[in-house]
There are 2 protein chains.
Amino acid sequence: MVEITRKQREIQQRTQDILRVAKPILLSEGFQALTMDRVAASMQYAKGTIYNHFPNKEEIVLALAIEAMRLRHKLFDKAAAGQRSARIRLMTIGVACEFYTQSCPEEFQVEQWMRNSNIWGKSSPDRQAVIRECEAGCMQIVASLVRESLAQGDLPAIEHLSPEEMVFGLWAITFGSQILTASSPSLHSIGIFDPIRSTRIHCCRLLNGFGWQPLHSIDEYLGTVEQISAEFYPQFKQIQREHR
Amino acid sequence: MVEITRKQREIQQRTQDILRVAKPILLSEGFQALTMDRVAASMQYAKGTIYNHFPNKEEIVLALAIEAMRLRHKLFDKAAAGQRSARIRLMTIGVACEFYTQSCPEEFQVEQWMRNSNIWGKSSPDRQAVIRECEAGCMQIVASLVRESLAQGDLPAIEHLSPEEMVFGLWAITFGSQILTASSPSLHSIGIFDPIRSTRIHCCRLLNGFGWQPLHSIDEYLGTVEQISAEFYPQFKQIQREHR
DNA sequence: GCATTTTTTGACGCCCCGTCAATAATTGAC
DNA sequence: GTCAATTATTGACGGGGCGTCAAAAAATGC
């Protein structure tokens, strides 16, 4: 059943190779520059062979997006594991998001591309389903932390606001901040010089606002986030500098 | 100085005509389907003539984005005018955002397209500058409401959080929610059935969290938002037509 | 070793982009 | 009203990407 012939393995390997070739082209020169001819030429295969693996270039982008979201999912999983309080583990997920966006900017970029309706619309339902599962999976990790805290009494039930809606709020502010940071050229001119710090503060206020115990002062929160960051992603600062 | 020859007027008019032709193509069939040949054929002009107006199709998209953002700016302006408290006027801007996204989905869509680096990167610095000004202008409207409230004492200065950062938070959560609503297929499956209501609640909690007087209970807030909505946008369709 | 199946190939048809020399229209001087 | 100069329009063209498919090559199995 898990029998895989050599041939099949070779084919799977080549699918990977195609992605490895396509990714730098996509990320450094954009979607336009990613052409099937070029991918084929880079690998010394004929174009038709590439088409045996991906029916169009949009599918390549979606395949890369799936890899990106799997990475995100893995980071979320690691962050949500462990013995600490749900609130701390939730903060760790927040740090994971920062880490992801900052030190895997390519994956983050691909996720944005995937949201582009041109690409989404042309890709196969199968891959779309994988993406959806992955996204839902990430949300479920957060949601289960919320439910855990509710069950343990750290987090009071809030009238008018379901646990899922709390997740939605956290997600929206994190995601919204990151998108704006990445694509709003006017941010700096309006006086936002450190969007990451701003985002952290808003998340802290949101969590405190939910009444999620133990409440943190901003200074505590920022300090704890720094600790988590240093602990989980010791290489982060370095990478951060690399990417300026 | 404001002398405009008939010829110039005709040319300006045709630029508009091109946008009127391009918009439905773009919105109903996507960026792929928007080809210069097709635009030209639709208007019974030669392709070269279209190129006299726009050096490439990305510029057409950006020109449409400028129209969209001007509309957004106008809505913000109207919302921020009037004699009511700054907090109410801010809420009115929130309603304006909802209105914009809901009843001008095409404009909202074009704004997203514009953020796509493929399009942004290929367009002219002039149009990019207009977009930036427009975006900064929208933010300034919000920022000045914040500053007004600070000056009047309705809104306490918050340690660690500048007025601009408050704007950033509001912007991020509103924008983030809307993007997610528009492009996250898993929202429904995770249990978010009324994202607009959720977003309103989060905004209310954010404003209350800032200590922005007078504080609203969720019920009050939702009620007030409904009132504003009914007052400013009594007839959804009519306003939509105005800007066609 | 040979027939059958699978895989690879790359030329092909189609379409789009953006250009530009040729053509048409407009202008303004006389 | 005429005509030369200026300006605007045209559409054929070169370059290139997409996706296909019949033919060639390779692998398989008997």
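What you see is a predicted model; the values in this text were computed from it and never measured. Protein chains get the first letters and strands the later ones, always in sequence-line order, with residue 1 at the start of each.
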State, without any angle test, whether Ser229(B) and Glu98(B) hold a side-chain donor-acceptor pair at a distance under 3.5 Å. no
Would you classify Lys47(B) as touching base, sugar-phosphate or nothing, given that sugar-phosphate means primed atoms plus P, OP1 and OP2, and contacts are heavy atoms under 4.0 Å? base
Quick check on DNA chain D: between Met36(A) and Gly48(A), whose nearest nucleotide comes earlier from the 5' end? Met36(A)
Under 4.0 Å between a side-chain nitrogen and a carboxylate oxygen: does that hold for Arg38(A) and Glu29(A)? yes
Just by distance, with hydrogens left out, do Gln13(A) and Asp17(A) show a side-chain donor and acceptor under 3.5 Å apart? yes
Have a look at Ile50(B) and say if it touches a base, only the backbone sugar-phosphate, or nothing, with a 4.0 Å heavy-atom cut-off. nothing
Going by atom types only, do Glu111(B) and Tyr100(B) share a side-chain donor-acceptor pair under 3.5 Å? yes
Less than 4.0 angstrom from a charged side-chain N to a carboxylate O is my criterion; do Glu133(B) and Arg70(B) meet it? no
Applying a 4.0 Å non-hydrogen cut-off, can you work out what Asn52(B) is touching in the nucleic acid: base, sugar-phosphate, or nothing? base
Chain A footprint on DNA chain D, 5' to 3' - any atom under 4.0 Å from a heavy atom: dG17(D) to dT28(D)
Segment of DNA chain C, first to last nucleotide, that comes within the 4.0 Å heavy-atom reach of chain B: dC16(C) to dT27(C)
State whether a side-chain donor-acceptor pair under 3.5 Å links Ser198(A) with Glu165(B). yes
Does Arg127(A) qualify as a cation-pi partner of Phe54(A), given the criterion of NZ or CZ under 6.0 Å from the six-membered ring centre and within 45 degrees of its axis? no
Using a 4.0 Å heavy-atom cut-off, does Thr35(A) contact any base of the nucleic acid, only the sugar-phosphate backbone, or nothing at all? sugar-phosphate
State whether Phe31(B) and Lys57(B) meet the cation-pi test: NZ (Lys) or CZ (Arg) under 6.0 Å from the six-membered ring centroid, and within 45° of the perpendicular axis. yes
